[in-house]
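To start, the structure itself, in structure tokens.
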Protein chains: 2
Amino acid sequence: MYQIGEFSKICQVSVKTLRYYDGIGLLKPSSVDRFTGYRYYDRSQLERMLLIQKLKRYGFPLEEIGALLSGGEGAFRRALRRQRDKLEAQRVELETILQELDAQAQAFERTGNIMDISNGYEIKLTETEPVAVFSLRKRMGAEDYGKYFSELYERIAKEGLTPGGVTGAMYHEEEYDRESSEIELFVSVRETERADKTLEPRLCATTVHKGAYSTLNEAYAALVSWIEENGYERDGAPYDVYRQGAWSNLAPKDWETEIYFPVRKKA
Amino acid sequence: MYQIGEFSKICQVSVKTLRYYDGIGLLKPSSVDRFTGYRYYDRSQLERMLLIQKLKRYGFPLEEIGALLSGGEGAFRRALRRQRDKLEAQRVELETILQELDAQAQAFERTGNIMDISNGYEIKLTETEPVAVFSLRKRMGAEDYGKYFSELYERIAKEGLTPGGVTGAMYHEEEYDRESSEIELFVSVRETERADKTLEPRLCATTVHKGAYSTLNEAYAALVSWIEENGYERDGAPYDVYRQGAWSNLAPKDWETEIYFPVRKKA
DNA sequence: CTTGACACTCCCCTTGGGGCAGGGCTTATA
DNA sequence: TATAAGCCCTGCCCCAAGGGGAGTGTCAAG
């Protein structure tokens, strides 16, 4: 039997934390004095605590740790795998951010300008050409694009058609949420009459964004404010066309994305 | 002039966030209607917002972003570098955790045992040999070890002495805090009489921990509870000796650390 | 009997907002 | 003309994982 202070030293955890875990029911002391409220711990608590710390290190939230500790082996195995994938995704994201930061720092050293924004975006008004596409509309998050584009390309291959070199995504909701939005992915095909649909010619404000996708919002902002200031208004769902993207073997800073906003002259 | 809702769509940021930023003084609207309280934004706010989002992506806390935006170029440059190092450290940490998770998952698949703990630690009682060491005592965090060990080895080289193959750290505070504790690093030298001091022979409970340092707490816990249960008590500062460590080119899972707890028989 | 080391509960604080209640303003529609 | 729909506002409580401190109770030693 250890008092809370002793026990905290053994597990290298603060007393506060032990009391907190007791409170949320994650690690109950083996006994509590009814009159003084003193908590007493023993060996089995120690083992549980070490496991908790380990899982915490793997990034599990405490609530899930509690569930895992009282759950079965299968769930535990699955949770480990899921967490592995999550950490892996985090690692990729972190590396992307690091590259962006480096690029930004270099640009800053060159130009002395805190932000090289809004100088690069040349915005044009164009009438788009009609494009016959295979498309797939669905509610999805930003990290699902890859999966669904693969589906599209498989379908095209299965039907013996030829991709036409235009790959893009259309945003059907006003507010875009990385986690989940209503999105339509499309890939152009040469065989016009066998396509799912055709993107009709539209008057669009458009620009080209160079760099990783995480900075697309800058181009987006530039376009939206251009539209406002030049007396147009939005008229339909905007879309991106990926000229050079994640699948090419270029570095993220050399990717190229065209952004199209259907517009009409304001009344 | 944009209303808050419009502006939120332009920057792809929630209205709530805009109000919050206004509240903490990070991004003030260009004007606020005195009677209705309506916030109005314009172009310059847009640029500032994009920069804020960029810095947020790099991991800066909002408060620091505010300071950077009103600070000078030099500070900005330094902050970028600092943040780069921080992200880099995070990446390394994340990779370590991933390796640990993989090792753990494999062990789990093999043994079917959620935790292969407390089976591995063979605890022994020994009388240590005296060791002549160069040492450096200081309040430091866990990530400073490398730096200070380098200092020690440089001193040894400068004085023309020969390292004796024992590298370790002694913990002078009861509660260990990764961030900052009173720690004494030591490296043994062959030239006994020119050493800083000698680790005197002591009766110690000891064990060997195999694996990354992050799981040292398990060995530590095993030792502390062994001491309690076998009628001993702690008698002095415990220390680690790194047999195979971060500087070797072994994978973390093959590192070996000896842990020593000076003890005496309880009265 | 007192002192010091420990223990307890209770409350407020952190980051970066999300969610909801309750209310004000303007405009489009029945 | 009434009302409903969109905007907008403030103010309150909520999240995770505890940290810090106030005020008070308990235990063993001198």
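If you're wondering where the values come from, they're calculated on a predicted model, not measured in any experiment. Computed over heavy atoms, backbone and side chain alike; hydrogens, waters and symmetry mates excluded. Each chain gets a letter, A, B and so on, in the order the sequences are listed, and its residues count up from 1.
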### Query
So, are Lys54(B) and Glu100(A) salt-bridged, with charged N and O less than 4.0 Å apart?
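Salt bridge: no.
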
Atom pair distance, as rounded to whole Å: [atom1] in [X] and [atom2] in [N]:
| X | N | atom1 | atom2 | answer |
| --- | --- | --- | --- | --- |
| Glu63(A) | dA17(D) | CD | P | 9 Å |
| Tyr20(B) | dG18(C) | OH | C1' | 12 Å |
| Arg34(B) | dC9(D) | CZ | C1' | 17 Å |
| Tyr21(B) | dG18(C) | OH | C1' | 13 Å |
| Glu64(B) | dT14(C) | CD | P | 18 Å |
| Asp33(A) | dT9(C) | CG | P | 11 Å |
| Asp22(B) | dC8(D) | CG | P | 14 Å |
| Phe35(B) | dT10(D) | CZ | C1' | 18 Å |

Compute whether any side-chain donor of one residue and acceptor of the other, for [X] and [Y], lie under 3.5 angstrom apart.
| X | Y | result |
| --- | --- | --- |
| His209(A) | Tyr121(A) | yes |
| Ser181(B) | Arg139(B) | no |
| Asp33(B) | Ser31(B) | no |

### Thr17(A) side-chain N/O to dA17(D) phosphate OP1/OP2 under 4.0 Å
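No.
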
### Task
May I ask you to evaluate whether Ser14(A) reaches the phosphate of dG19(D), defined as a side-chain N or O under 4.0 Å from OP1 or OP2?
yes

### Message
Please compare Pro61(B) and Lys16(B) by the position of their nearest nucleotide in DNA chain C and report the one closer to 5'.
### Response
Pro61(B)

For residues 4-12 of chain B, which side-chain N or O atoms pair as donor and acceptor with protein atoms under 3.5 Å away, sequence neighbours left out?
unit_1  : atom_1 : unit_2   : atom_2 : d
Glu6(B) : OE1    : Gln3(B)  : N      : 3.1
Ser8(B) : OG     : Gly5(B)  : O      : 3.0
Ser8(B) : OG     : Val13(B) : O      : 3.4

### Query
Is the number of heavy atoms from other residues, nucleotides or ligands within 6.0 Å of NZ (Lys86(A)) greater than 12?
no

### Query
For the residue pair Trp255(A) and Tyr213(A), does the interplanar ring angle fall in the parallel (under 30°), tilted (30 to 60°) or perpendicular (over 60°) class?
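Judged by the thresholds at 30° and 60°, the geometry between Trp255(A) and Tyr213(A) is tilted.
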
### Message
One character per nucleotide, please: for nucleotides 3-8 of chain C, 5' to 3', B when the base has a protein heavy atom closer than 4.0 Å, S when only the sugar-phosphate does, - otherwise.
### Response
---BSS

